[in-house]
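Structure first, then comments.
Residue indices begin at 1 and follow the sequence shown. For ligands, and for the atoms within them, numbers begin at 1 and follow the listed sequence.
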Amino acid sequence: MASSSRSSGGALAAMVTMAMLLSSAAAATTAALSPDFHAANCPQLESIVLSSVQTALRNEIALAAGLLRIFFHDCFPQGCDASVYLKGRGTEQSMGPNATLQPKALQLIEDIRAKVHAACGPVVSCADISALATRDAVIFSGGPSYSVPQGQMDSLTPAAQNLVDGLPSPRTSSVSALAKAFRDKGLADIADLVALSGAHTVGRTGCPFFSDRAGRMDDAFSRRLAANCSRQPAVKQNLDVVTPDLFDNGYFMALVNGQGVFTSDMALIKDRATAPIVRQFARSKDAFFQQFAKSMAKLAASPRPGGNVGEIRRSCFSRNPARVVETVDVEAGDEQDGFAASA
Ligand SMILES: *[C@@H]1O[C@H](CO)[C@@H](O)[C@H](O)[C@H]1NC(C)=O
Ligand SMILES: *[C@@H]1O[C@H](CO)[C@@H](O)[C@H](O)[C@H]1NC(C)=O
């Protein structure tokens, strides 16, 4: 290839060849996400992400839940494309479910991106960094390891309002409605719904999100929650009242005792299809961990309706300026303007 472009002489021909090479590389990207995707172009990636996540979570363990929630909110509407990180008018962050996104967890991913790009150049997407950091946060809080497919491109646009509205609501009381929302995203097994809800093992939430519980249930736990909220309305409540900061099966033990905070949590123990799985996970942390790892792999491969196309963002919070050309290291870089003008 190199010699043929050399012999054809002109910079334009070289660039056309380069463009062809790059477009076939882009096609390969689409075909094969892989855990080793960045082994050659950014061998430091995993260690940078791991040490950044460990440092951040040592200071504030609540970031683990923040990262998990962001990852879910990213992947569910239109695949794991970092669309949720875009800021500004008309972005997912300006839509209803945004209140559950922790600003500090969003910022952590952007901070890691800056470190990774400083070390390797702009070759790793925010989507890939988000997926890796979420996995490392799960491990740091005591959860299972799992492999993370890499090679996702960052989206050019946020997801549309109707797709974001498809995120399951904590007020949903019907397992069949929850299961349908999951099925539509390729999470067809009812165990996916139960296992991914298990991410609430490190979750916290504001009082307005479970204010419907007291109306549905009159029990000691509801009264304690209500008392907490009337005393300190701004304080977040733990979703796993057994072991709030540990990624384990305490959430499922709490559910078995009727102590799920969200209506959607309680639905899992009341429904005939999901209750046996909740009980199994309450008995066996290993069973939960195995299913969680499988379900996270499925979530990471959520369908991208427009395909795996996009860019490597230079800031996770915004699209690249029009000037940034995706092709790095083009030999005749100085002549790109001329090429654009002549094209
Ligand atoms: C969420 O969106 C609403 C508007 O829908 C906005 O007022 C609010 O500031 C946003 N919250 C965050 C954390 O971005
Ligand atoms: C209520 O607040 C107490 C004290 O902060 C806390 O230990 C408890 O987990 C909270 N929630 C419930 C349901 O009691």
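- The aromatic rings of Phe288 and Phe247 sit parallel, their planes meeting at an angle under 30°, below the 60° perpendicular limit.
- Checked by distance only, ligand 2 and Arg224 come closer than 3.5 Å through their nitrogen or oxygen atoms.
- Under 4.0 angstrom from ligand 2, there are no non-hydrogen atoms of Gln259.
- Salt bridge absent: Glu92 and Lys87 never bring a charged side-chain N and a carboxylate O closer than 4.0 Å.
- Distance from atom 11 (N) of ligand 2 to its nearest protein heavy atom, with residue and atom name: Asn228 ND2, 2.8 Å.
- Closest protein heavy atom to atom 13 (C) of ligand 2: Phe221 CE1, 3.4 Å.
- Counting heavy atoms from C-beta on, the side chains of Gln107 and Phe317 come closer than 4.5 Å.
- With salt bridges taken as basic N to acidic carboxylate O contacts below 4.0 Å, none links Asp154 and Arg113.
- The atoms of ligand 2 that sit less than 4.0 Å from any heavy atom of Gln237 are 1 (C), 10 (C), 11 (N).
- Residue contacts with ligand 2: Leu225 is included, with a non-hydrogen atom under 4.0 Å away.
- Per-atom contact check: atom 4 (C) of ligand 2 does not touch the protein, criterion being a heavy-atom distance below 4.0 Å.
- Under a cut-off of 6.0 angstrom, the local environment of NZ in Lys294 is sparse, with at most 12 non-hydrogen atoms contributed by other residues, nucleotides or ligands.
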Atom pairs and distances, side-chain donor-acceptor, residues 181-190, under 3.5 Å, sequence neighbours left out:
residue : atom : partner : partner atom : Å
Asp184  : OD2  : Lys180  : NZ           : 2.8
Lys185  : NZ   : Phe76   : O            : 3.2
Lys185  : NZ   : Pro77   : O            : 3.3
Asp189  : OD1  : Ala191  : N            : 3.0

